[in-house]
Structure formats: C-alpha cells, structure tokens
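Here's the structure, in structure tokens; my notes come after.
Just the heavy atoms: all of them, side chains too, but no hydrogens, waters or symmetry mates, feed the values below. Counting starts at 1 for both ligands and their atoms, in listed order. Just so we're clear, the structure is a prediction, and the values are computed from it rather than from any experiment. Starting from 1, each residue takes its place in the sequence as its number.
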Amino acid sequence: MVKKRIAILGSTGSIGTQALDVIAQRPDRYEVETLTAHRNVALLAQQAVRFQPNAVVVADETKYGELKALLADQPIKVYAGSKALCEVVQLPGVDVVISALVGIAGLMPTLCAVEAKKQVALANKETLVVAGDLVCRTAQESGAPIIPVDSEHSAIFQCLVGECCPVEKIYLTASGGPFLNAGIDELRHATREQALRHPRWSMGAKVTIDSASMMNKGFEVIEARWLFDLKPEQVEVLVHPQSVVHSMVQLVDGSIKAQLGTPDMRIPIAYALSFPERLPLGVSRLSFAENPALTFQKPDMEKFRCLALAYEALRMGGNAPCAVNAANEVAVDLFLRGKASFTDIARLVEVGLQKNDFIAHPTLEDYLKTDERVRRIAEQA
Ligand code: NDP
C-alpha cells in the first residue's frame, strides 16, 4: 500500500499533536512529510526527530537559528517564515495537508494547498470564516477536496456520505462551554482561568476562549455554510452539554441522521485522513449506559452575544465575517493578556463589525486589508 504523505501546519498545537498520535498508530498508512510551528522550536525539533519529516518550518523567522541548531545532525530541511509555509505545502511530496494553525495565519497556507490541488484536512475554521467564498471557489476550480476536521463538521460530513439529495437543515451541537449556566452579570467578571476551563474538550487557548464566548459556534455556523453550501437559516445551533452527539443532519423526508461518539478529536482527524475508508482507532468507546441523558436546548443569544454577531455577519456576507474574525482575534488576545474583560470580547467584535467598510465581493487583497484595518479599530476601541 502506498503511504499518504502528510504535511501538518501547526504540528505543535492541540490538533497537530493529536494528528501525530493518529499517524503514529498507522505507520503502514501514513508518513510525515512536513511539520510546522509558530515559535515552539523545542517541541517541533522533538517531533521532527521522532517522525523524520522531509522538512520543518518555523513561522517566526527569529527562531530559525535555534531550530537549525537543534536539528543539526538530522537529514531534515529547515525553513522559516510564513512564505515558507505556503511553499512547503505545495511541494510534490505532499499528499494531504492538515491545516491546524490558529487564526487568520492559516488562510494563506491553506489557500496555497488548495491551489496546489492537495487534499486538505481542515481544522483551521478561521480560513473559511474569513474567506469562505474564495477558498471554496478555488477548491472547486482546482478539484482539491476539503475534508472537515472540526468535530461538528466531520459529523455532518459523515452523515452525508451516501446521501444525494440536498439537506433541509443541520443542527450544530455546542457544549455551551464553562459559562453555560452563568448569569450575564457573572460573565462581566469572568477570569482567564474560568474561561480556559472547558468542561469537555482540551484545546488551544484561543479556541477555548472562543468556546466560552460561543464565538467558536458562530464561526462553525459560518464554516458549515461554506462547507455544505447552506443558507444561514439552515444552520441551527443546539446546546448539548454532554457532547456525545457531534451534530445532526435533517433530510428532506424529515429523517434526522446524527454522528455520536466520545469527545475525542482523534476520531475526526483520523477520518479526514482515511476517508472514504475507516481505520481501527485506539480511542475510548462511548457507553450509552454511562451517558443515559442526552439533552438539547436553544442557546441564549443575548448572553452569548458573539454567536448572534456571527450570524449577523454571515447574513451580511462579503467581508463582514472577516471583520468579525479580526476583531475577535484582537479581543481574545487582549483578554488572555489581562487587558480586556470577558464581555469586552463581544463589545469589540460589535465595534469591529459596525466600523467595517463593507465590501460585498471581496478579493483576497480586500480580505487582508479588512483584517488589518479592523484589527486597528479593535485595538483602539
Ligand atoms: P493551538 O493553539 O493548540 O495550536 C496552534 C498551532 O498553530 C501551533 O502549532 C502553533 O505553533 C501554530 N501557530 C500559531 N500561530 C501561528 C502563526 N501566526 N503562524 C504560524 N503558526 C502558528 O490551536 P488548536 O490546535 O487548538 O487549534 C488549531 C485550529 O483548529 C484552530 O483554528 C481551532 O479553531 C481548530 N480546532 C481546534 C480543536 C481542538 O480540539 N483543539 C477542535 C476543532 C477545531 P506554536 O506551538 O509554536 O505556537
């Protein structure tokens, strides 16, 4: 069997390390071609020594010397800079690109992978939030398949295998995060530690804060719109604190299909790599007897203002979701550094959306300019 050669953008992160765990379980199927990190060269070098990729890239160029020294006795090419991220994913040796960077930093390398007709296993939802139309159009033109890694979208994708009719609607499930039962007043004083304490998933800091504010779910609504070609009203969010049902599809005859399992990201990562096959995977199995109650409720859009703003941006279209993403990235960073309160996140996103110069049909350059401009607005608001 010919092995699939895999590039992981963001191998040192939560998704990246879990992807390596999946790859390590099937050395007969997968081979690591490229690994990348932002700054964590110690872990990147450790991963490189173990998985022996052809190349590694550190996005922060100031870390090049350190990484080069750590890998001095290894037959591994070492590159630095964000341009190198785009170049390595396009190399002929790469079959699949796992896009697991965080934030808009994922847009350019993911777009490059799509342009080069690579199969993309997409975790970096911000790519579709910022420029979903451009990325999906490019994928259609090049024929590059985009397979979702986000557990909800993987669930929908799995439910749709074998279906040929358009879907009526989808239900995206949400755990509700650490503040599901908190009052609006409590949110004002929510600390970094409280917001980082996610009840179900262990993830990187940015997506954990996005989950606490439910901006993550808003982004997933936008991501679903592009991945499955849906209208905003066809995507409904349901709070499901047990995180057992990963999402559901309602078909035109009223049937509903769901995908269930333990909340373990290695399942959707493995599926994105092996699709259309399924391979045995060493993760714990779901016990229905231990999870007898599966509950569902509508989200509180007033408390979780970020979710409402994401829907609003999606309905507006154009560069509005890009503006929301930019303001959110700034706000989350300020919150994590103790320079903004938790409720400032929604406030800054709202300001970013209101002050955005709306462009109905943005080009790539327009998206990048929108990101830059709205970041400045949010930093000063
Ligand atoms: P992490 O923060 O854990 O990891 C991010 C990775 O990207 C790290 O390898 C990091 O390198 C690298 N990185 C960060 N910033 C840059 C940059 N500017 N340029 C280049 N590389 C960069 O994030 P997660 O793994 O949690 O999330 C990754 C993506 O997957 C996000 O879009 C998230 O929304 C999505 N996702 C995550 C899930 C999860 O369970 N974690 C679930 C579903 C989706 P370094 O380590 O050096 O900083």
* Lys/Arg-Asp/Glu bridge criterion (N-O < 4.0 Å) met for E365, K369 -> yes

* Structure fact -> If we number the atoms of ligand 1 from 1 as shown, the ones under 4.0 Å from a heavy atom of N40 are 46 (O), 47 (O)

* Would you mind telling me if ligand 1 is within reach of the side chain of A123, the backbone, both or neither, using heavy atoms under 4.0 Å? => both

* Looking only at distances, please establish whether an N/O atom of ligand 1 is found under 3.5 Å from an N/O atom of S151. => no

* **Distance from atom 27 (O) of ligand 1 to nearest protein heavy atom, with residue and atom** => I15 CG1, 4.2 Å

* Partners of P321 by side-chain contact (heavy atoms from CB on, under 4.5 Å), sequence neighbours excluded? -> V129, I222, A313

* Structure fact -> Honestly, for K125 the part within reach of ligand 1 (heavy atoms, under 4.0 Å) is both

* Which residue owns the protein heavy atom closest to atom 40 (O) of ligand 1, what's the atom, and how far is it? -> M203 CG, 3.2 Å

* To do: For Y79 and Y64, run ring-ring contact (aromatic ring centres under 6.0 Å, His included): C-alpha distance rounded to whole Å, both residues' side-chain angles, the deciding distance at 0.1 Å, then the answer.
  => CA-CA 7 Å; Y79 303 109; Y64 174 77; 8.4 Å; no

* To do: Would you kindly specify which portion of M265 sits under 4.0 Å from ligand 1, judged on non-hydrogen atoms: side chain, backbone, both or neither?
  => side chain

* Protein heavy atom at shortest distance from atom 45 (P) of ligand 1 -> T12 OG1, 3.4 Å

* Ligand-residue contact atoms, ligand 1 with R39, heavy atoms, under 4.0 Å -> 45 (P), 47 (O)

* Determine, considering heavy atoms only, which of S154, A105, S211, G16 sits nearest to atom 18 (N) of ligand 1. => A105

* Mind checking whether R347 and T343 have side chains closer than 4.5 Å, heavy atoms only? -> no

* L251 vs V249 side-chain heavy atoms within contact, under 4.5 Å -> yes

* Would you say ligand 1 has an N or O under 3.5 Å from any N or O of G10? -> yes

* **Shortest protein contact, atom 11 (O) of ligand 1 (heavy atom only)** => H38 N, 2.9 Å

* **L122-V102 co-clustered via ILVMFWY side chain contacts under 4.5 Å** => no

* Indicate, with yes or no, if the rings of F304 and F179 have centres closer together than 6.0 Å. => no

* What protein heavy atom sits nearest atom 32 (O) of ligand 1, and how far off is it? -> E126 OE1, 2.6 Å

* Asked: Any idea which protein heavy atom is nearest atom 4 (O) of ligand 1, and the distance to it?
  -> G13 CA, 3.1 Å

* Give the residue, atom name and distance (to 0.1 Å) of the protein heavy atom nearest atom 31 (C) of ligand 1. => L101 O, 3.6 Å

* Which option, A37, S14, A59, A100, owns the non-hydrogen atom nearest atom 41 (N) of ligand 1? -> S14

* **Subset of ligand 1 atoms that lie under 4.0 Å from at least one heavy atom of G204** => 1 (P), 2 (O), 3 (O), 26 (O), 41 (N)

* Asked: Nearest 0.5 Å, what's the CG-CD1 distance between L196 and I209?
  -> 4.0 Å

* Do R278 and Y271 touch side chain to side chain, with heavy atoms closer than 4.5 Å? -> yes

* Under 3.5 Å, is there a donor-acceptor pair between the side chain of Q18 and the main chain of S14? -> yes

* To do: Do me a favour and list the nearest non-hydrogen protein atom to atom 43 (C) of ligand 1 with residue, atom name and distance?
  => D150 OD1, 2.9 Å

* Would you sort out whether K217 and E152 count as a salt bridge (Lys or Arg N to Asp or Glu O under 4.0 Å), showing the intermediate values? => CA-CA 10 Å; K217 208 48 58 181; E152 295 78 0; 2.9 Å; yes

